[in-house]
Amino acid sequence: MQQNLVLYNTITRKKEEFKPIHEGYAGMYVCGPTVYGDPHLGHARPSITFDILFRYLQHIGLKVRYVRNITDVGHLENDADSGEDKIAKKARLEQIEPMEVVQYYTDRYHSYMKDLNVLPPSIEPRASGHIIEQIEMIKKILENGFAYESNGSIYFDVPKYSKSYDYGKLSGRVLDDLLSNTRVLDGQQEKHHPADFALWKKAEPQHIMRWPSPWSDGFPGWHLECSAMSTKYLGEEFDIHGGGMDLLFPHHECEIAQSQAANKKEAVHYWVHNNLITINGQKMGKSLGNFITLEEFFTGNHELLDKSYSPMTIRFFILQAQYRGTLDFSNEALQSSEKGLQRLMTAYSAISKIKPDNTAETNTSGLAEKCYKAMNDDLNTPMVISVLFETAKLINEANNGKQRLSETNIAEITKLFETFAFEIMGLKNEEKQNDDKGKTDELIDMILNVRMDVKANKDYATADKIRDELQKMGVVVKDKKDGFEWEIQ
RNA sequence: GGUCAGUUGGCCGAGUGGCUAGGCUCUGGUCUGCAAAACCAGCUACGGCGGUUCGAAUCCGCCACUGACCUCCA
């Protein structure tokens, strides 16, 4: 099936049809987490956004190599290059090895991603495992004359690069403006120009994360890992580079410059950036301290949360907004998502109850077309969801006798849910069950059967008591015409 | 200050120049011993002012406001 996917390319500021470099294949690199803290709602957005892209590219028949890095070195804590490595600082505070911190948070990140039904990437490289590649890249940049050594550190020569290439083309920045707007930072005297950035930084004696290099014992600059690892696993030119909008400058701008300076090629064909999640209209971010971790969402253990929210609620909430728009967090919005998702899932399970009527002339084939059209238009998941709701309505109407659906209709509807809700959008039915489920089911059924007998004798006091007690244990009873249904909340 | 987004009904969020996305809330109803759940129905919004057009939320201009980036951040 041929689908023409159109993606918004940040660098051209236009929607462009996606044409892979190698027909039938797609290479995608996405900036992953810096593992020095628990992932928060903001981290869930790019993970889910690019999970959708990953899933969709595969769905339309491409073989995808998806690389998402783990940043475990190189991000400096404070004022640019003189700052201390974030992970080193955290490690010192907690009196453990830096790699222990990295391992701990990496494991937790993986666990939360799994909860969110985010597929693991094809390759998940760590910066610390690619020091050699980064040193080699620095050498190439030095050879090509776009970097210089200063007191054991290597800096990228932005003014020189600007003479041959357009530094700032991704973020729309002009070098002269950068000059006038750059803060005076410690260690700035090592640089020839304020806009220059570190490729390799000599370690101060107190730094515990350090590696040998031709220039000094130190650590790689903050932007280099992505350039080095994307080149290694996807080649000097590849299809898609993704990440959050806040990485546009300086991170991605620097990546472009580094790759260009090292390989003399424009590395990335499509730049895709997800927008941020806001809280009270403001960015949810670490520096602002206004973030809520995924664990807090899942447990409800945060003062701003009215209740806990399941992973699928979070996923659905994120998918209800197009990835390039901001998305404002609120309890109301999340509860709305929770109910909406439940409604879709209820409708999906009600498909099996429809009695087929093969004289029906309802047209359901257009629904999938609408979904494909929406997905092809820069991953318009809110539109896909609205089609699913439309379908849910159809299902319910069929079960209420207001609509007739043929076997073909039912097959198409079933496939629609399976393809778009589950396969592409990665939603799943969250059933709270455990290993003893079978026994629990039997017990609850037994109790409720007793309640039916009591009700038949019009002993409503006892019937209500049973229902109330079950309710307290989290079992919601729903009386039906000829019996009952229940679910565990 | 520079760069870039955005401003849609009570809330969240799509959107094509003309055919009222969708969800949640709310109200009414079906069902029910009652209730809950489920389902059905109703609720016609597009920041302000101009302009283009037979017609604009959708195109253009101006203004106002909000946010992001310019320092680590998804």
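Excluded from the calculations below are hydrogen atoms, water molecules and symmetry mates; all remaining heavy atoms, backbone and side chain alike, are included. Within every chain, numbering begins at 1; the chains are lettered A, B, ... in the order of the sequence lines, protein sequences first and strands thereafter.
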ask   = Which one is paired to B:U32, where only Watson-Crick or G-U wobble pairs with both distances under 3.5 angstrom count?
value = none
ask   = Under 4.0 angstrom, heavy atoms only, what part of the nucleic acid is A:Gly42 near: base, sugar-phosphate, or nothing?
value = base
request  = Measure from the side chain of A:Asn400, starting at C-beta and using heavy atoms only, and say which of B:C39, B:A14, B:C4 lies closest.
outcome  = B:C39
query = How long is the line joining CG of A:Asn331 and C1' of B:U25, in whole Å?
reply = 14 Å
ask   = Is a donor-acceptor contact shorter than 3.5 angstrom present between the side chain of A:Lys283 and the base of B:C73?
value = yes
ask   = Do A:Asn380 and B:G13 have a side chain to base donor-acceptor pair shorter than 3.5 Å?
value = no
note = Under a 3.5 Å limit on both distances, the Watson-Crick or wobble mate of B:A5 is B:U66
ask   = Do the side chain of A:Asp479 and the base of B:C34 come within less than 3.5 angstrom through a donor-acceptor pair of N or O atoms?
value = yes
key: B:U30 versus B:A37 - spacing of their C1' atoms, nearest Å   = 13 Å
task = Under 4.0 Å between any heavy atoms, over every strand shown, what does A:His273 touch: base, sugar-phosphate, or nothing? Just pick one.
result = nothing
Just the atom pairs and distances: protein N or O near nucleotides 6-11 of chain B's N or O, under 3.5 Å.
| residue | atom | partner | partner atom | Å |
| --- | --- | --- | --- | --- |
| B:C11 | O2' | A:Glu332 | OE1 | 3.3 |

query = Does B:A41 have a Watson-Crick or wobble partner in any strand here, with both distances under 3.5 angstrom, and which is it?
reply = B:U27
request  = Starting from the 5' end of RNA chain B, give me the residue, A:Gln282 or A:Gln322, whose nearest nucleotide shows up first.
outcome  = A:Gln322
remark   = Tested for salt bridge (charged side-chain N to carboxylate O under 4.0 Å, His left out) against A:Lys307, the lone hit among A:Glu332, A:Glu338, A:Glu296 is A:Glu338
ask   = Rounded to the Å, how far apart are A:Ile11 CD1 and B:C69 P?
value = 20 Å
task = Could you check which of B:C73, B:G33, B:A21 has an atom nearest any side-chain atom of A:Asp246?
result = B:C73
task = Run the ring-centre check on A:Phe422 versus A:Tyr348 and record whether the distance is less than 6.0 Å.
result = yes
query = Across the strands shown, which category fits A:Leu327 at heavy-atom distances under 4.0 angstrom: base, sugar-phosphate, nothing?
reply = sugar-phosphate
note = Across every strand shown, the nucleotide meeting Watson-Crick or G-U wobble geometry with B:G22 (both distances under 3.5 Å) is B:C12
ask   = OP1 or OP2 of B:C4 less than 4.0 angstrom from a side-chain nitrogen or oxygen of A:Arg173, does that happen here?
value = no
Between A:Ser365 and A:Asn363: side-chain donor-acceptor atoms closer than 3.5 Å = yes
query = How many Å lie between NZ on A:Lys353 and C1' on B:C39, as a whole number?
reply = 11 Å
key: Any A:Lys370 side-chain nitrogen or oxygen under 4.0 Å from OP1 or OP2 of B:G22   = no
ask   = Counting only heavy atoms not in A:Lys286, do more than 12 fall under 6.0 Å of its NZ?
value = yes
Side-chain donor-acceptor contacts of residues 114-125 of chain A below 3.5 Å, not counting sequence neighbours, with atom names and distances?
| residue | atom | partner | partner atom | Å |
| --- | --- | --- | --- | --- |
| A:Asn117 | ND2 | A:Gly426 | O | 2.8 |
| A:Ser122 | OG | A:Tyr66 | N | 2.7 |
| A:Ser122 | OG | A:Tyr66 | O | 3.4 |
| A:Glu124 | OE1 | A:His110 | NE2 | 2.5 |
| A:Glu124 | OE2 | A:Arg68 | NH2 | 3.1 |
| A:Glu124 | OE2 | A:His110 | NE2 | 3.2 |

query = Strictly under 6.0 Å, is that where the ring centroids of A:Phe329 and A:Phe297 end up?
reply = yes
query = Of A:Asn396 and A:Leu341, whose closest RNA chain B nucleotide lies nearer the 5' terminus?
reply = A:Leu341
inquiry  = Measure CG/A:Leu344 against P/B:C39 and give the value in whole Å, please.
reply    = 10 Å
Rounded interatomic separation in angstrom, taking CD1 from A:Ile277 and P from B:A74 = 12 Å
key: A:Phe389-B:G23 aromatic stacking (under 5.5 Å, under 30°)   = no
request  = Send over the distance from A:Leu276 CG to B:C4 P, rounded to a whole Å.
outcome  = 18 Å
query = Would you say A:Ser171 reaches B:C70's phosphate, i.e. side-chain N/O to OP1/OP2 under 4.0 Å?
reply = no
ask   = Would you say the side-chain atoms of A:Tyr460 and A:Lys465 include a donor-acceptor pair closer than 3.5 Å?
value = no
message = Do the side chains of A:Lys472 and A:Glu469 get close enough for a salt bridge, i.e. N-O under 4.0 angstrom?
response = yes
note = A:His40 meets the ring pair (Phe, Tyr, Trp, His ring centres under 6.0 Å) criterion, sequence neighbours left out, with A:His43, A:Phe291
request  = Examine B:C39: is either OP1 or OP2 under 4.0 Å from a nitrogen or oxygen in the side chain of A:Arg343? Give yes or no.
outcome  = yes
query = Using atom P of each nucleotide, how far apart are B:U7 and B:C46 to the nearest Å?
reply = 14 Å
query = Is it true that atom CD of A:Glu369 has more than 12 heavy atoms of other residues, nucleotides or ligands lying nearer than 6.0 Å?
reply = no
C1' gap between B:G47 and B:C34, integer Å = 49 Å
inquiry  = In whole Å, measure the gap between the C1' atoms of B:G23 and B:G9 for me.
reply    = 13 Å
query = In the structure shown, which nucleotide is the Watson-Crick or G-U wobble counterpart of B:U58, with both distances under 3.5 Å?
reply = none
task = Return the value, rounded to whole Å, for the distance between atom CD of A:Glu225 and atom C1' of B:A74.
result = 14 Å
request  = For A:Met383 and B:G13, give me the distance from atom CE to atom C1', rounded to whole Å.
outcome  = 12 Å
ask   = So does A:Arg467 get a side-chain nitrogen or oxygen closer than 4.0 Å to the phosphate oxygens (OP1/OP2) of B:G33?
value = no
message = Measuring to OP1 and OP2 of B:G23, would you say a side-chain N or O of A:Lys339 lies under 4.0 angstrom away?
response = no
